2 protein chains.
Amino acid sequence: MADGSTVPSSPPTLHDVAREAGVSIATASRALNGSSRNVRSENVSRVRAAAAKLNYEPHLSAQAIARGSTRTVALVVRDVADPYFSAIAAGVVQATEEAGLIVTMAVADGSPERELEIVRTLRGQRPRVIILAGSRIEGAGVRDALVEELAEYRTAGGRVVLISQRDLPFATVTVDNRGGAAELARALLGLGYRRFAVFHAAPEIRTSRDRYEGFLAELAAAGMPEPLAIETGFTRAGGYEAARRLVDRGFEDVEAVFAVNDVMAIGAMTAFRDAGVMPGTDIAVAGFDDIEPALDVLPPLTSVAVPLREAGLSAMRLALSDGGEAGVRHPVGVVLRDSTPPRRSA
Amino acid sequence: MADGSTVPSSPPTLHDVAREAGVSIATASRALNGSSRNVRSENVSRVRAAAAKLNYEPHLSAQAIARGSTRTVALVVRDVADPYFSAIAAGVVQATEEAGLIVTMAVADGSPERELEIVRTLRGQRPRVIILAGSRIEGAGVRDALVEELAEYRTAGGRVVLISQRDLPFATVTVDNRGGAAELARALLGLGYRRFAVFHAAPEIRTSRDRYEGFLAELAAAGMPEPLAIETGFTRAGGYEAARRLVDRGFEDVEAVFAVNDVMAIGAMTAFRDAGVMPGTDIAVAGFDDIEPALDVLPPLTSVAVPLREAGLSAMRLALSDGGEAGVRHPVGVVLRDSTPPRRSA
DNA sequence: TTGTACGCGTTATCAC
DNA sequence: GTGATAACGCGTACAA
């Protein structure tokens, strides 16, 4: 029972490295990450060698507590599996790793209460940054509680960045949802469509509301009749269900459907087809986001391109460049495809 | 300048709570999360009230260092934006949150070296669990280094779980890739197909290799000629490109394409269509994974259903129920759709 | 340039 | 039941 015992051996500490290198703990610390260069280069290499030999890796929690700040970025999304959020997450993770930081992830699942709870417990992590993507915080008291919580966090030195949620006193990266929807409306009008249905989500979801309103406003400005509005879930299943409802009630004179995001639009296309209604032929369909699958469905989906990954990158950039409540707004662009073919004028 | 100064106020500590409640730090600690029940209930509520009033949240790093263990689960994936991995990640996150733990995420981007580097620095987090999904570790020395690194981590009390990567001395959750591919081959033979092309990825990607080999083995067992193999990327772009190559060379007598995952298959379908070759009509296409978009493309994609989210859940379950090198293997099932219509016998 | 010693916020081990 | 106090692993004055 001399040395070969390989039981729960704990990882080497700075102490071990120092001993191995024959220097003090302080010197070892300085040699490995000292902001001060005041260490004899010979000792530096000695310490580095010892660290490498022992396969030493500094205990991040210990560093955090000693330094008074962590290296983590907390990301809160509605749903990782949704391509919209996973694209944003990909951008956040990339930028975070490039900055040498660590991402922690939490899923709010569309519940404002859950989101508030997450933010509350998140503070225990003492993250450097909190990024909220796709929150749904228009609901009365929860909203205020969340704002207060975030404000307190910021007062303690944290950075808050919201993605796609403006009107809150924090740095924000948005996309021009209203403008994009309006542009889409103009494009569809230009193609000859006149009677629309809009599949939108609950107004608490800001993204949905902005797109919905932008579309409506443009239609109204063009003197068009009000479109048929169907409220449903902000998901593929929601789009599918809304399309079924539309088919069931008989869609009268509706010529084109605008679903406020692509997964809804794609779900709707499949529902139409399942009901024997051919998207692109019997009814036009347009979405929003221009996620990858939009190219792969048939007919390819008309959409509004949103730089999702870029939004994630911007969020981190914003967080690191301690700007105030500034915000960046990404432009979007309509992409016309075969799901909305030109319509022969009535 | 008395009390209203709201500058960088740091978050309340246990000390503050104790003072506010009029008890000692030790009592406060015990009242909030002490495993020992030896605290007067009156004091418990007093402390709880103080904590609530101050909006106290325990410093996780401090707890980690005091307790000697963190509450984090480290997840390493190839790419968050890929629906395959985001589905797995969703499962992992869900199970982790249910267990009251925290997920950190890192992206390996398909590089074994990067993955090794990630695992190395990950040890600094002292995570309770490391989950590797979709690694690519068959490459010579990197593989051994990774195994050694993980083994060392485990010796220090950490739990390692691999998803979709067997043959390594760690707990593993796999899906029956070989069996599923063989079953798919049988099904396609049953539909009357005889001449195949297979789009597969580099053999270092174990998942791809297993599916490829399973498909080949079944074909061979049935006395079929060897299929045309095209190696490409494990992504949508890879599938697209492989399909282009197949079209360019003229695909002779190939009747059906098996792409080793759905995103490749979907990319291939789009490429075929772009080239004027109608998938399902001019050429059959089958994939693997049965991700959601498989239902939305036209024709709907024949695939092999893999319980991705379940795999993520299993991984966490495995990690928490300190089993040894055990493993779970999820069954898969062929789902025939219109992308592989029955073929009139030759 | 280096080492000693203290502090970070928390838990755990003691006495009381 | 409770309160000092010593850890935990590290950074960093301060002194040498």
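A quick note: this is a predicted structure, and the numbers were derived from the prediction, not measured. Each chain gets a letter, A, B and so on, in the order its sequence line appears, and its residues count up from 1.
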Could you state the CG-P distance from B/Leu32 to C/dA12, rounded to the nearest angstrom?
13 Å
Could you give me the CA-CA distance, side-chain angles and deciding distance for B/Val328 and B/Leu318, then say whether side chain to side chain contact (heavy atoms under 4.5 Å, CB included) is met?
CA-CA 8 Å; B/Val328 296; B/Leu318 214 55; 4.2 Å; yes
Are any side-chain N or O atoms of A/Asp109 and backbone N or O atoms of A/Ser111, one a donor and one an acceptor, separated by less than 3.5 Å?
no
Output a table of nitrogen or oxygen pairs between the protein and nucleotides 8-11 of chain C separated by less than 3.5 Å.
unit_1, atom_1, unit_2, atom_2, d
C/dC8, O2, A/Ile65, O, 3.3
C/dT10, OP1, B/Tyr56, OH, 2.6
C/dT10, OP1, B/His59, N, 3.1
C/dT10, OP2, B/Leu14, N, 2.4
C/dT11, OP1, B/Asn33, OD1, 3.2
C/dT11, OP1, B/Asn33, ND2, 2.6
C/dT11, OP1, B/Gln63, NE2, 2.9
C/dT11, OP2, B/Ser29, OG, 2.6

From B/Phe170 atom CZ to B/Gln165 atom CD, the distance as rounded to the nearest 0.5 Å:
11.0 Å
Nearest atoms (heavy-atom pairs only) where B/Ala133 meets B/Phe85:
O-CE2, 3.7 Å
Could you tell me whether a side-chain N or O of B/Thr70 sits under 3.5 Å from a main-chain N or O of B/Arg126, the two making a donor and an acceptor?
yes
Determine yes or no for a side-chain-to-main-chain donor-acceptor pair under 3.5 angstrom, with B/Tyr56 supplying the side chain and B/Asp16 the backbone.
no
Does D/dT2 have its OP1 or OP2 closer than 4.0 Å to a side-chain nitrogen or oxygen of B/Thr27?
no
A/Glu97 side-chain N/O to B/Val107 backbone N/O, donor-acceptor pair under 3.5 Å:
yes
Taking atom OG1 of B/Thr172 and atom CG of B/Leu132, what is their separation to the nearest 0.5 Å?
10.5 Å
Tell me which residues in residues 41-50 of chain A lie within less than 4.0 Å of DNA chain D, going by non-hydrogen atoms.
none
Decide side chain to side chain donor-acceptor pair (under 3.5 Å) for A/Gln63 and A/Arg71; before the verdict, give the C-alpha distance in whole Å, the side-chain angles of both, and the deciding distance to 0.1 Å.
CA-CA 9 Å; A/Gln63 285 189 326; A/Arg71 304 188 62 72; over 6 Å; no
Could you verify whether a donor N or O on one side chain and an acceptor N or O on the other, from B/Thr207 and B/Ser164, lie under 3.5 Å apart?
yes
Through what angle, rounded to 10 degrees, does the axis of the helix from C/dT1-D/dA16 to C/dC16-D/dG1 turn between its ends, using five pairs per end?
40°
